[in-house]
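Values below: every heavy atom of this structure, side chains too, minus hydrogens, waters and symmetry copies. The sequence lines fix the lettering, A, B, ..., with proteins before strands; numbering per chain opens at 1. Just so it is clear, the structure is predicted and the values come from calculations on it, not from any experiment.
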There are 2 protein chains.
Amino acid sequence: MKKKTLIRDIAQHLDVSIATVSLVLNGKAKENRISDALAEKVLTYVEEVGYKPNQLAKSLRTGKTHVIGLIVEDIANSFFATVAGLIEKKALERGYRIIYCSTNNDTAKTSDLLTMFQERHVDGYVVAPPNGVEEEIGALVRNGKPVVLFDRLLPGVLANAVVVDGAAGTSQATRHLLSQGFSSVAFVTINSGQTQMLGRRQGYAQAMREYGLSELVLEVDFLLEREQMIQRIHEFLRANPLCDAILFSTNYLSVYGLEAISRLGLRIPEDIAIVSFDDSDLFRLYSPTITVIAQPMEVMADNIIGTLLTALEGGDEKGRTTQVQLPPSLLIRQSSIRRVH
Amino acid sequence: MKKKTLIRDIAQHLDVSIATVSLVLNGKAKENRISDALAEKVLTYVEEVGYKPNQLAKSLRTGKTHVIGLIVEDIANSFFATVAGLIEKKALERGYRIIYCSTNNDTAKTSDLLTMFQERHVDGYVVAPPNGVEEEIGALVRNGKPVVLFDRLLPGVLANAVVVDGAAGTSQATRHLLSQGFSSVAFVTINSGQTQMLGRRQGYAQAMREYGLSELVLEVDFLLEREQMIQRIHEFLRANPLCDAILFSTNYLSVYGLEAISRLGLRIPEDIAIVSFDDSDLFRLYSPTITVIAQPMEVMADNIIGTLLTALEGGDEKGRTTQVQLPPSLLIRQSSIRRVH
DNA sequence: ATGAAAGCGCTAACAG
DNA sequence: CTGTTAGCGCTTTCAT
């Protein structure tokens with residue numbers, strides 16, 4: 001076990017003071033009028049012995065950890081995994097590390113996570129919040145902590161946020177289905193009450209209203225297990241034989257829906273047309289290919305990191321809140337195209 | 001901005017010493033013969049004001065951070081995302097947090113990541129290492145840091161590891177294809193040189209040898225972009241029209257393969273049979289459903305965390321290395337079943 | 001049973 | 001231009 005080199009060791013070796021070394025290392029040589037020659041000498045030696053300051057001590061002293069806490073709904077979900085991957089990459093480029101955790105939409109767990117992040121003194125928070133953490137997030141924001149919400153908003157909390165205009169996406173998708181001649185378009189969603197889900201539902205409702213049609217909505221309980229969700233959709237399809245198109249509010253519901261449809265032996269799009277929220281390999285490659293409302297993940301990640309870093313580094317812009325709403329894009333594929341027999 | 005409560009504050013308020021509070025908080029009241037009554041009083045007050053010790057200070061003092069560094073190849077890949085999710089969950093249950101990063105198989109990036117983790121004093125490491133970090137990982141192990149490798153081994157490095165017997169998986173899959181009557185089974189893999197890939201290839205080679213058949217292997221350069229990989233597979237299929245079955249060594253190659261097959265207008269399994277490594281929604285739902293060699297992810301995660309915690313907490317078992325090799329399971333679906341016309 | 005005090009390693013204000 | 005020094009908040013030994 002090799003002995004850790006300390007700042008003291010390097011100061012001793014070079015016969016200068018600890019302060020000098022610290023100043024040089026933190027780029028404050030100039031403003032403290034330390035000679036270039038000396039600064040150079042310090043840097044060279046530090047490099048030579050591979051000295052790395054103890055970040056814990058540094059953080060304890062400065063109060064900055066250069067760690068960002070990232071809270072997503074489920075890291076195993078392709079949407080969140082992709083966004084998390086992009087955020088990680090971009091944060092790393094700017095010198096920040098990520099600690100992430102999944103909430104699984106569990107309010108209590110999220111609360112705990114938020115507490116942990118505070119204990120660990122993360123510099124900033126990126127959160128896709130479940131309902132019920134308005135208090136905690138609100139407190140964070142009030143205390144001036146850099147926070148960026150994404151994917152969904154928290155009613156009653158004014159915080160930085162990067163979301164997608166789900167209503168625009170679903171209304172466009174619904175109109176697309178109706179214009180293809182499908183007449184009974186159902187909307188399958190989750191009863192989580194989260195803002196992005198409400199928005200998506202509103203977009204559907206509005207388009208149906210425009211066409212003078214009544215809504216046909218299945219709301220699945222978000223606490224159900226996979227198999228139970230498939231069952232619900234299965235039952236719904238059997239109970240509504242006239243339904244000839246379904247718009248799913250989120251990626252995993254579509255996956256369950258495909259499963260249910262396949263069990264019923266229905267053909268897509270002949271018997272039933274499909275549109276999903278979120279794109280993925282599965283939807284691109286499924287046979288038939290699935291029409292989706294795709295979220296601009298790269299742009300989202302850029303905005304999230306951009307907003308967070310501004311809050312993190314631009315201490316002057318106090319009390320300024322940035323909210324960004326990005327447009328999704330409808331990628332029309334085979335699953336929603338009317339086939340003439 | 002509410003003032004942070006310190007241990008000093010609570011000691012002052014209760015009119016006891018800081019040490020007493022600290023001892024009680026760390027469950028060392030008994031062994032220091034602190035009266036139950038006092039201990040109780042401290043706990044109650046701490047609870048009341050919601051005091052949380054500063055983890056940075058604590059870590060600086062104790063040298064433990066209760067953070068595990070997790071390095072995967074790509075968090076956006078469903079295999080790694082799922083394993084990461086499971087590891088996170090299990091670690092959390094045991095009081096550990098996860099910092100994760102993706103390597104994208106970049107040796108230099110991984111080196112940096114490892115350095116960062118050391119600077120941040122993570123308590124343990126879980127790594128799916130790219131080749132080229134044998135030095136760094138070896139140094140970690142020699143210095144007694146708890147390390148668990150997974151998915152692949154590092155040649156020449158004796159470290160704890162949890163891997164899957166890929167050779168068993170691919171040989172079984174190859175035999176399955178051959179016994180179905182497919183005669184020209186190709187193996188599509190990546191030239192990364194990683195042990196898991198070598199193992200998978202060996203399993204294929206062995207099964208082919210058993211049947212007295214010669215190998216047909218496509219090795220795609222692991223640095224290529226998605227579209228280029230698809231192109232390679234596309235070319236390969238055109239150049240080998242007699243090939244009637246393909247075994248893909250990893251999930252994303254299969255996805256690219258499906259893309260290439262679909263562009264060529266080939267039917268599965270009539271024109272070409274398919275088996276993939278790794279299971280996913282896509283393979284379960286694809287039409288036809290895709291036969292896969294599934295890795296036992298839950299068991300892997302259990303073993304990884306179990307091994308790491310043993311190394312972390314059982315300081316006595318010095319120098320003990322645990323290597324676990326888990327069996328995969330062949331899930332036979334439609335894509336590899338011979339259809340009689 | 002309890003308190004005083006010595007650090008963990010680093011930063012930065014201040015005094016030369 | 002450089003050195004001294006006072007902490008950041010906590011743990012833990014040792015003396016009482």
So if I take the C1' atoms of five pairs at each end of the helix from dA1(C)-dT16(D) to dG16(C)-dC1(D) and get each local axis, what angle do the two axes make, rounded to 10 degrees?
50°
Remember a base hit wins even if backbone is also touched, and classify Ser22(B) as base, sugar-phosphate or nothing at under 4.0 Å, heavy atoms.
base
Hey, is the side chain of Tyr51(B) poking within less than 4.0 Å of OP1 or OP2 on dG9(D), counting only N and O atoms?
no
Between Asn26(B) and dT11(D), is there a contact of a side-chain N or O with OP1 or OP2 at under 4.0 Å?
yes
Does a side-chain N or O of Lys28(B) approach OP1 or OP2 of dT12(D) to a distance below 4.0 Å, or not?
yes
Taking the side chain as C-beta and beyond, is there a heavy-atom pair between Ile7(B) and Tyr51(B) under 4.5 Å?
yes
Between Asn32(B) and dT2(C), is there a contact of a side-chain N or O with OP1 or OP2 at under 4.0 Å?
no
Just so I know, are the side chains of Lys90(A) and Asp302(A) near enough to count as touching, which here means a heavy-atom distance under 4.5 Å?
yes
When you compare the side chain of Leu92(A) with that of Lys109(B), does any pair of heavy atoms fall below 4.5 Å?
yes
For a quick test of reading the model: is some side-chain N or O of Thr20(A) closer than 4.0 Å to OP1 or OP2 of dG3(D)?
yes
Below 4.0 Å: OP1/OP2 of dT2(D) and any side-chain N or O of Ser17(A):
no
State, yes or no, whether a side-chain contact exists between Glu88(B) and Tyr100(A) at a heavy-atom distance under 4.5 Å.
yes
Need one value for Leu6(A): base, sugar-phosphate or nothing, where a base atom within 4.0 Å counts as base even if backbone is also close, heavy atoms only.
sugar-phosphate
Would a 4.5 Å heavy-atom cut-off, applied to side chains only, mark Tyr125(A) and Leu114(A) as touching?
yes
Expected list for residues 38-45 of chain A near DNA chain D, using heavy atoms below 4.0 Å, is Leu38(A)
Using only modelled atom types and a 3.5 angstrom limit, is any donor from either the side chain of Arg8(B) or the base of dG9(D) paired with an acceptor on the other?
no
Nearest to side-chain heavy atoms of Ala19(B), which nucleotide of dC10(C), dG3(C), dC8(D):
dG3(C)
